[in-house]
Amino acid sequence: MRTEQGMYDAAIESSRIFSHAVREVADSSGLLTYLAEPRGVDDMIGHMEFLPEKRDQLVCLLRLLASQELLREVTVDGGPRYQTNGARAGRSLDDDGRYVPQIQHIEGWYGDDYAEAIRTTNIEFLGRDLEFLRKPHQFARFDKSLAEEWRLTMTSPLYEFGRGLCVEELVARGNRFLDLACGPGYGAQRIAEACGGRCSIVALDKSADFVEMTRELDYPAGTELRAEVHDINLPLPELAPESIDGVLFNGSFHFIRDKQARLAELWTALRPGGLLCLGHTFARSGFPDEAMREFYFSMLEDDLFPLSWDELIALTEQAGYRPVRNFHQGSYSYLLVEKVSAPAGDRSGR
């Protein structure tokens with residue numbers, strides 16, 4: 001039986017597999033050999049011929065390697081330097097340098113080939129010589145160029161499990177929904193299936209490809225779907241006040257620059273007691289997979305604006321929401337809140 005704790009264990013193990021794939025390319029590229037002596041970031045950019053504009057991605061990679069205890073940060077002449085850690089503690093590797101997955105954590109969620117799929121996909125994207133850091137326009141984008149990869153990610157058992165918990169709570173609130181940053185439409189589809197088609201859904205995403213994919217999915221008869229292209233960093237399109245029973249905001253709240261503004265707009269659109277699900281939200285909390293997530297998000301084209309978990313909860317409460325449920329032990333974190341009062345500082349009496 002799948003549980004929230006099992007989800008966390010599988011998520012952390014998935015991050016380990018990803019992290020060790022990064023370790024493999026850091027090794028095969030010669031970066032770890034070069035760091036036998038303390039080196040600064042500018043030294044690495046020059047010697048490895050990395051692009052200066054990918055400095056942030058390089059720093060995230062170094063922090064990930066340091067979290068694996070493959071590197072240690074030292075101070076030389078008042079500045080930070082990185083050097084390989086001779087002990088390389090905490091490794092669990094095959095003779096050929098591959099990570100040995102802790103299968104007990106993922107076997108209930110994935111097939112036998114999952115660990116190798118994560119490894120090979122990420123090695124191919126990064127390049128064994130870390131060519132990702134030399135290509136100016138190589139980023140992971142939310143479009144059809146990676147359609148199969150996004151499909152596999154967003155329909156994985158981990159993603160579906162957390163999404164399913166949100167959908168279960170949402171459909172208990174009514175039948176009028178907003179799927180914000182809907183991606184390829186799997187959230188909207190799951191909501192419609194849970195409602196048996198007796199629902200209306202507004203699905204918004206900035207990717208025209210994803211909106212097209214959302215429209216192409218099968219929905220139960222009777223589903224009213226309005227799928228539109230919309231950038232979540234712009235004001236929401238016009239929604240009548242209190243016209244929404246629930247909002248699914250899965251996997252994208254960390255991409256919002258002005259979170260307070262979006263929360264206020266959603267508060268207005270939600271009916272009293274309406275539910276907002278901030279699902280699959282990345283928040284800094286010091287968990288073991290945080291460095292991996294930082295590097296993962298650095299490879300995306302979109303900018304990231306994460307909060308700490310405590311800041312996230314406080315922000316929603318200030319915006320007029322009350323926590324209903326949360327499950328937060330790693331990157332697969334969810335916060336479900338309901339509209340209960342006027343936002344802090346609002347004296348209109350709404």
Would you kindly confirm whether L315 and I313 end up in one hydrophobic cluster when ILVMFWY residues are joined by side chain heavy atoms under 4.5 Å apart?
yes

Among P235, C182, P237, whose side chain to side chain contact (heavy atoms under 4.5 Å, CB included) with H230 holds?
P237

Rounded to the nearest 0.5 Å, what separation is found between the CD1 atom of I201 and the CZ atom of R176?
13.5 Å

Cluster partners of V76, using ILVMFWY side-chain heavy atoms under 4.5 angstrom, listed by chain and number?
V74

Can you tell me if CD on E131 sees more than 12 non-hydrogen neighbours from other groups inside 6.0 Å?
yes

Does a side-chain N-to-carboxylate-O contact under 4.0 Å join R284 and E294?
yes

Counting only N and O atoms by type, is there a donor-acceptor contact under 3.5 Å from the side chain of T223 to the main-chain atoms of L225?
no

Look only at the side chain of E290 and the backbone of S285, and say whether a donor-acceptor pair between them is shorter than 3.5 Å.
yes

What are the two closest non-hydrogen atoms of G40 and R81, and how far apart are they?
N-CD, 3.2 Å

For atom CZ of R325, decide whether the heavy atoms of other residues, nucleotides or ligands shown that lie under 6.0 angstrom number more than 12.
yes

Is there a side-chain contact between Q318 and L263 in this structure, where contact means two heavy atoms from C-beta onward sitting under 4.5 Å apart?
no

Can you list every pair that meets salt bridge (Lys or Arg N to Asp or Glu O under 4.0 Å) and has a residue in residues 267-279, with sequence neighbours left out?
D245-R271

Under a 4.5 Å cut-off applied to non-hydrogen side-chain atoms, are R293 and F287 in contact?
no

The complete set of salt bridge (Lys or Arg N to Asp or Glu O under 4.0 Å) pairs with one or both residues in residues 213-241, sequence neighbours excluded, reads R226-E228

Those residues at least two apart in sequence (or on a different chain) that pass side chain to side chain donor-acceptor pair (under 3.5 Å) with K144 are E212

When rounded to the nearest 0.5 Å, the distance separating CG of L64 from OH of Y296 is 14.0 Å

Between W267 (side chain only) and G320 (backbone N and O only), is there a donor and an acceptor less than 3.5 Å apart?
yes

Would you indicate whether R134, at its atom CZ, is surrounded by more than 12 heavy atoms from other residues, nucleotides or ligands within a distance under 6.0 Å?
yes

Listed partners of D143 passing side chain to side chain contact (heavy atoms under 4.5 Å, CB included), at least two apart:
R141, S145, S207, D209

Stepwise side-chain contact (heavy atoms from CB on, under 4.5 Å) test for N233 and K206:
CA-CA 9 Å; N233 271 304; K206 80 168 193 174; over 6 Å; no

Residues which pass side chain to side chain contact (heavy atoms under 4.5 Å, CB included) with P136, listed by chain and number, not counting sequence neighbours
L51, E53

Kindly determine whether L336 and C166 satisfy side-chain contact (heavy atoms from CB on, under 4.5 Å), including the steps that lead there.
CA-CA 8 Å; L336 282 59; C166 292; 4.1 Å; yes

Quick one: CG on L65 to CZ on F295, what's the gap to the nearest 0.5 Å?
8.5 Å

Partner of Y334 by ring pair (Phe, Tyr, Trp, His ring centres under 6.0 Å), out of F327, F249, Y8
F327

Residue pair E265, R262: steps toward the salt bridge (Lys or Arg N to Asp or Glu O under 4.0 Å) verdict:
CA-CA 5 Å; E265 292 167 355; R262 290 297 86 74; 2.8 Å; yes

Would a distance-only check, ignoring hydrogens and angles, find a side-chain to backbone donor-acceptor pair under 3.5 Å from Q83 to A36?
yes

Transitive ILVMFWY cluster of V229 at side-chain heavy atoms under 4.5 Å: who else is in it?
V211

Less than 4.5 Å apart, any side-chain heavy atom of C195 and any of F177?
yes

Could you tell me whether R39 sits above the aromatic face of Y34, with NZ or CZ closer than 6.0 angstrom to the six-membered ring centre and within 45 degrees of the axis?
yes

So, T214 side chain and G185 main chain: donor-acceptor pair closer than 3.5 Å or not?
yes

Any non-hydrogen side-chain atom of M48 less than 4.5 Å from a side-chain atom of L133?
no

Between the side chain of E24 and the main-chain N/O of I123, is any donor-acceptor distance below 3.5 Å?
no

Quick one: list whatever passes ring-ring contact (aromatic ring centres under 6.0 Å, His included) with F132, sequence neighbours left out.
F125

Report yes if some heavy atom in the side chain of L180 is under 4.5 Å from a heavy atom in the side chain of L236; otherwise report no.
yes

Reported NZ-to-CZ distance for the pair K339 and R173, which is rounded to 0.5 angstrom:
13.0 Å

Measure the OG1-CD1 distance between T121 and I17 for me, rounded to the nearest 0.5 Å.
11.5 Å

Mind checking whether L62 and L35 have side chains closer than 4.5 Å, heavy atoms only?
yes

Quick one: are L71 and N85 in side-chain contact, heavy atoms under 4.5 Å?
no

Looking at R151 and E148, does any basic side-chain N land under 4.0 Å from a carboxylate oxygen?
yes

Test Y186 against N250 for side-chain contact (heavy atoms from CB on, under 4.5 Å), laying out the working first.
CA-CA 10 Å; Y186 303 118; N250 204 31; over 6 Å; no

Non-neighbouring partners of S15 that pass side chain to side chain contact (heavy atoms under 4.5 Å, CB included), sequence neighbours left out
I12, D289, M292

Within a strict 4.5 Å, meaning less than it, do heavy atoms of the L335 and T281 side chains meet?
no

Taking only residues two or more places apart in sequence or in another chain, which ones pass side chain to side chain contact (heavy atoms under 4.5 Å, CB included) with P288?
none

Do the side chain of S28 and the main chain of R128 share a donor and acceptor less than 3.5 angstrom apart?
yes

Do side-chain atoms of K54 reach the backbone of K135 as a donor and acceptor pair under 3.5 angstrom?
yes

With a 3.5 Å distance limit and no angle check, can you tell me whether N122 reaches the backbone of A21 through a side-chain donor-acceptor pair?
no

Can you check salt bridge (Lys or Arg N to Asp or Glu O under 4.0 Å) on E160 and R163, steps first, answer last?
CA-CA 5 Å; E160 290 281 27; R163 179 192 287 128; 2.7 Å; yes

Contacts of type side chain to side chain donor-acceptor pair (under 3.5 Å), residue E124, not counting sequence neighbours:
none

Hey, mind stepping through L204 and L178 against side-chain contact (heavy atoms from CB on, under 4.5 Å) and telling me if it holds?
CA-CA 8 Å; L204 304 175; L178 170 63; 3.9 Å; yes

Listed pairs under 3.5 Å, donor-acceptor, residues 251-259 side chains, sequence neighbours left out:
residue	atom	partner	partner atom	Å
H254	ND1	F282	N	2.9
H254	NE2	G251	O	3.1
D258	OD1	A261	N	3.1
K259	NZ	I256	O	2.6
K259	NZ	F305	O	2.2

For the residue pair V247 and L270, what are the closest heavy atoms and their distance?
CG2-CD2, 3.9 Å

Atom pair OG (S298) and CG (L61), whose distance is rounded to the nearest 0.5 Å:
8.0 Å

